[in-house]
Amino acid sequence: MINHSLKLPISLKVSISIFIVFWLIIAAFPFIWTLWGSFKIEADFFSKADWMNALFAPRTIAEKGGAFTGDGYYGAWVQENFWQAVINTTLVCFFVVGTSLTIGTLGGYALSRSSYKYTFWLLITALIFRAMPPITLVAGYLLPFYEWNLWGHLATTVIVLVAINQPFTLWMLHSFFQKIPKELDESAKVDGCTQFQAFRHVIIPVMWPGVITTGLFSFLLAYNDFAITSMLLSQNNQTMVPKIASFMGTTQTEGNVMFAVAAVVSTTAPLFLMVMFFQRQIVSGLTAGAVKG
Amino acid sequence: MKHKTFFWFFLPTASAMLLFIALPIFSIVIQSLFTPHDAVIIVTENCDPFGCKQETTIDQDATRDLRKSEPLGKFVGLEIYKDRGHLAVNEIKEIWVESNNFAEFKNNIGNLPFYRAMAFTLTFTFTVTPLMLVFGFIIALAVNSLHQNLKGLTIFFSLLPMIVSPLIGSLVLFWMIDSRGIIGEALQYVFEDPDLSLKASTGLTWVMLIVYGVWHAAPFSFVVFYAGLQTLPMDTIESAKIDGASRLQQVWYVVIPHLMPLITFVALMQLMDNFRVFEPIVGFSAEAHAQSLSWFIFNDLGGETRLLSSAATSSVLTIIGVSILLFPVLIRTWRDFNEKSAK
C-alpha cells in the first residue's frame with residue numbers, strides 16, 4: 001500500500017491532506033477546547049461578547065489576576081465532592097474488570113474447547129443478551145432491589161455491570177481462545193492433567209494479550225456507563241458520569257457550569273492516557289469481532 | 001470437553017447472565033401486565049340531626065399494607081400497552097376517524113408521546129448508520145494513503161470521540177454549540193442571525209443529535225474498515241489498473257466488494273446500538289424536542305414517582321424493536337456457523 005500511495009497525483013494528495021486535517025479537527029478540537037476553557041471563568045468560556053475572550057481570558061485576568069484559574073476544579077473536587085465519585089468509579093471499574101474477566105475466561109475457554117452443538121446456542125443467547133439495551137432491564141431490577149434493600153450499593157451495581165458485560169466478554173474471549181491451538185491443552189491432558197489443571201498451567205500463561213484487550217473494553221463499559229449507574233446508585237455512591245449529569249441539574253442554575261466543565265475534563269483525562277498506552281489493543285479488539293465474521 | 005467439566009466452567013458466567021439479564025427480561029414482561037394498587041378508600045357515614053353525609057377518606061394503613069403485600073400491584077392485562085402513554089390504541093382510532101387526509105393523520109400521531117419517541121429513534125438509527133459507514137470509509141481510505149509515521153497519530157485522535165462516554169462527548173459538544181459557545185457564535189455569524197440557537201427548534205435539535213451520533217460512531221467504522229484495507233488483494237488492484245480502471249472504479253469494483261462482509265457487520269451492530277440512543281438526549285438537554293425510546297424509559301424510572309409498570313411496558317416494546325433489528329444478525333451468525341461446520 002505504501003508503494004501504491006506514492007503514485008498518487010498531487011491534487012488527490014492535497015485533498016486527502018485537507019480531509020485528514022478536517023477530520024482531526026472535528027475529532028480532537030472539542031476536547032482541546034474544553035481542556036483550555038476549563039481553566040477560565042464562565043464569563044470567558046461562555047462569552048456573549050466575543051469568542052476570542054475564551055482564548056485571551058480578559059475577565060479571568062481581571063477577576064483572578066491570571067489567565068488561568070483552577071476555580072472550576074476546586075469547586076468540583078472540593079465543594080461538590082467529586083473526589084468521592086472518583087473513588088467510587090475506581091472501585092466499580094476495578095471489581096467489574098476483575099470479576100468479569102475471571103468468570104469470562106472460564107466461560108469463554110469452555111465454549112472454545114467444547115465441540116457440542118449447545119455451545120453454538122449459548123453463543124447465540126449471549127448475542128441476544130448483548131443486543132438488549134441495558135436501560136430496558138432496569139425496571140426489572142428496581143422492585144427486588146428495593147424489597148431486599150440492595151438498591152444504592154456499589155456492590156449491587158458491580159454485579160449488574162459484570163452480568164451486562166458478560167455476553168460481549170464471552171464472545172471476545174471465545175474468539176481469542178480459539179486462536180490458541182487445542183493441541184496445547186490436549187497434550188497436557190495426555191500427560192495426566194485435569195481440564196482445570198490444563199487451563200491453569202498451559203492456557204493462562206499464554207492468554208494474556210486477549211485478556212488484556214477484553215479487560216480494556218470491560219473497563220470502558222464500567223467507566224462510561226450512565227444508564228445503570230444513574231438508576232442503581234444512591235447519591236453518595238454515584239460514579240463520575242452520573243455525578244456529572246447531576247451537576248447539570250443543580251449547578252447550571254447557580255451559574256456553576258464551570259464545575260461540570262472541570263469534572264468532564266477530569267473524567268476524560270484517564271481515557272486519554274488509556275488510548276495513548278493501549279491504542280494497539282483497542283484497535284485489535286474493535287476489529288477482532290469483525291474480521292473473524 | 002466433557003459435559004460435566006463444561007458445566008462447571010460455564011456455571012459462573014451463566015448464572016450471572018441468568019440472574020441479571022434473563023430474569024429481569026422475564027420480570028419486566030410480568031410487571032408490564034400489572035399496575036400499582038389504587039388507594040383503599042373507606043366510606044363512612046356521619047349522621048347528625050340534619051341528616052346523614054357520606055365521607056370518603058383514604059385508608060393510609062390499609063393502602064400501605066396492600067401495596068406491601070402485593071408489590072406487583074393488580075393485574076390489568078394489556079391495558080398499559082393500550083393506554084395513551086404507549087400504543088394509544090383508542091386515540092389512534094379516534095385520530096383515524098377524525099383526520100381528513102393521511103398528512104393530518106400522521107401529524108396527529110406525532111403528538112402521542114410514544115410514537116414521537118419511536119419516530120425520533122428510527123430517524124436517528126436510519127440516518128446515523130449509513131452516514132457513519134460512509135464517513136468512516138472515507139477516513140479509512142484517506143488514512144491508509146498517509147505516510148506510515150502519521151498513521152498512528154491520526155488513529156489516536158480518531159479514537160477519542162468513540163472512547164469517551166456518550167454523555168461526556170455530548171456535553172463537550174453541547175457547550176461549544178451553546179449560543180455563547182464557539183460553534184454557536186460562529187453559526188450566528190455565518191447566518192447573520194444573532195438569536196440563532198440550535199436548541200430552540202426541533203429540526204435543528206434533531207440535526208445536532210444526528211451530527212453527534214455520526215461523530216461518535218464514525219471512528220468505529222473507520223478502525224474496522226482500516227483493518228480491512230490492510231488485507232486488500234494487491235494483485236486484483238494491479239490487474240484492475242492494467243485494465244484501465246480509474247481510482248474511483250478501483251474503489252467501487254475492488255475495495256468495496258472486498259470490505260463487504262465488514263460493512264454488513266458494522267451496519268448490523270450499529271443499527272442495534274443506535275436504536276438505544278439515550279445519553280446524548282440527556283447531554284444536549286434535548287428532551288423538549290427529541291425523545292428516544294430509551295429516554296422514555298429513563299424518564300419513567302427517574303423522578304419522585306417511579307412509574308415501574310409504565311417503564312416496564314416501554315421496555316418490552318423497545319426489546320421487541322431491538323429483536324426485529326437483531327434478526328438479520330442472528331441469521332448471519334447461523335449461516336456462518338453452518339458454513340464453518342460444513343468445512
Side-chain angles (χ1 to χ4, degrees), chain A residues 1 5 8 16 19-20 23-24 26-28 30-31 33-34 46-48 51 103-104 106-107 109-110 113-114 120 124 127-129 131-133 135-143 147 160 162-163 166 170 195 224 226-227 231 241 245 264 267-268 271 275 279 282-283 286-287 290-291 293, chain B residues 1 5-6 9-10 12-13 16-17 20-21 24 27-28 31 71 139 142 144-145 154-161 163-165 167-168 171-173 176 178 180-182 185 215 220 223-224 227 262 265 272 276 278-279 282 294 297-298 301 308 311-312 315 318-319 322 326 330 333 336-337:
Chain A
M1 212 59 202
S5 66
L8 287 178
I16 285 175
F19 178 77
I20 290 282
W23 163 244
L24 285 181
I26 297 179
F31 298 105
W33 180 253
T34 311
F46 295 97
S47 173
K48 190 79 201 155
W51 68 270
I103 66 177
L106 289 174
Y109 172 71
R113 290 300 183 261
S114 175
F120 170 72
I124 284 279
L127 190 65
I128 295 172
F129 286 165
M132 298 296 136
I135 187 99
T136 58
L137 305 174
V138 173
Y141 297 138
L142 288 178
L143 211 54
E147 286 289 300
V160 168
V162 166
Q166 274 310 293
L170 274 182
Q195 185 83 46
N224 286 342
F226 174 66
M231 297 274 62
V241 175
V264 158
T267 314
T268 318
L271 291 177
V275 182
Q279 180 174 332
I282 294 174
V283 170
L286 285 174
T287 49
V291 179
Chain B
M1 195 183 264
T5 341
F6 181 86
F9 268 92
F10 203 69
T13 172
M17 288 195 290
F20 292 99
I21 303 180
S27 164
I28 56 167
Q31 274 174 283
I139 304 172
N144 199 36
S145 68
T154 324
I155 294 173
F156 169 73
F157 284 113
S158 305
L159 285 176
L160 291 177
I163 236 85
V164 298
S165 164
L167 185 81
I168 287 176
L171 273 177
V172 165
L173 293 191
M176 290 174 79
D178 187 279
R180 297 165 303 156
I182 178 167
E185 282 185 24
W215 181 75
F220 175 55
V223 168
V224 173
L262 298 183
F265 164 81
M272 290 192 303
R276 50 170 90 163
F278 157 56
E279 284 105 327
V282 180
S294 295
I297 302 169
F298 177 78
L301 290 172
L308 284 187
S315 300
T318 308
I319 287 181
V322 171
L326 180 67
L330 293 182
T333 318
D336 283 356
F337 178 79

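Lettering of chains follows the sequences in order, A, B, ..., and the numbering in each one begins at 1.
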Portion of B:I163 that has a non-hydrogen atom of chain A nearer than 4.5 angstrom: both
Looking at A:S114, A:A131, A:A28, which one has more heavy-atom pairs under 4.5 Å with chain B than the rest? A:A131
For the interface with chain A, which of B:L173, B:I319, B:T318 has the highest count of heavy-atom pairs at distances below 4.5 Å? B:I319
If you count heavy-atom pairs under 4.5 Å between each of B:F157, B:F278, B:W215 and chain A, which one has the most? B:W215
Bottom line for A:I26: the part with an atom under 4.5 Å from chain B's heavy atoms is both
Angle class for the B:F298/A:F226 ring planes (parallel below 30°, perpendicular above 60°, tilted otherwise)? tilted
Of B:V223, B:V172, B:I182, the largest count of non-hydrogen pairs under 4.5 angstrom with chain A goes to B:I182
Check whether any side-chain heavy atom of A:V138 lies under 4.5 Å from a side-chain heavy atom of B:I297, and answer yes or no. no
Applying side-chain hydrogen bond (donor to acceptor under 3.5 Å, both in side chains), name anything that partners B:S27, two or more places apart in sequence or on another chain. B:Q31
Engaged part of A:V241 at the chain B interface, taking heavy atoms whose separation is under 4.5 Å: both
Under 4.5 Å from any heavy atom of chain B - which part of A:L24: side chain
Would A:Q195 and B:T5 count as having a side-chain donor-acceptor pair, cut-off 3.5 Å? no
Should B:F6 and A:Y109 count as side-chain neighbours, where that means a heavy-atom distance under 4.5 Å? no
B:R276: partners by salt bridge (Lys or Arg N to Asp or Glu O under 4.0 Å), with sequence neighbours left out: none
For A:I128, which atoms come within 4.5 Å of any heavy atom of chain B: side chain, backbone, both, or neither? both
Does the B:S165 side chain pair with the main chain of A:N224, one donor and one acceptor, at a distance under 3.5 Å? yes
Among A:V160, A:V162, A:L143, the residue with the most heavy-atom pairs under 4.5 Å to chain B is A:L143
Okay, side chain of B:D178, backbone of A:F46: is any donor-acceptor separation there less than 3.5 Å? no
Counting heavy-atom pairs under 4.5 Å to chain A, which of B:V322, B:L159, B:V164, B:I168 comes out on top? B:V164
Contacting moiety of A:T34, where chain B heavy atoms sit under 4.5 Å: side chain
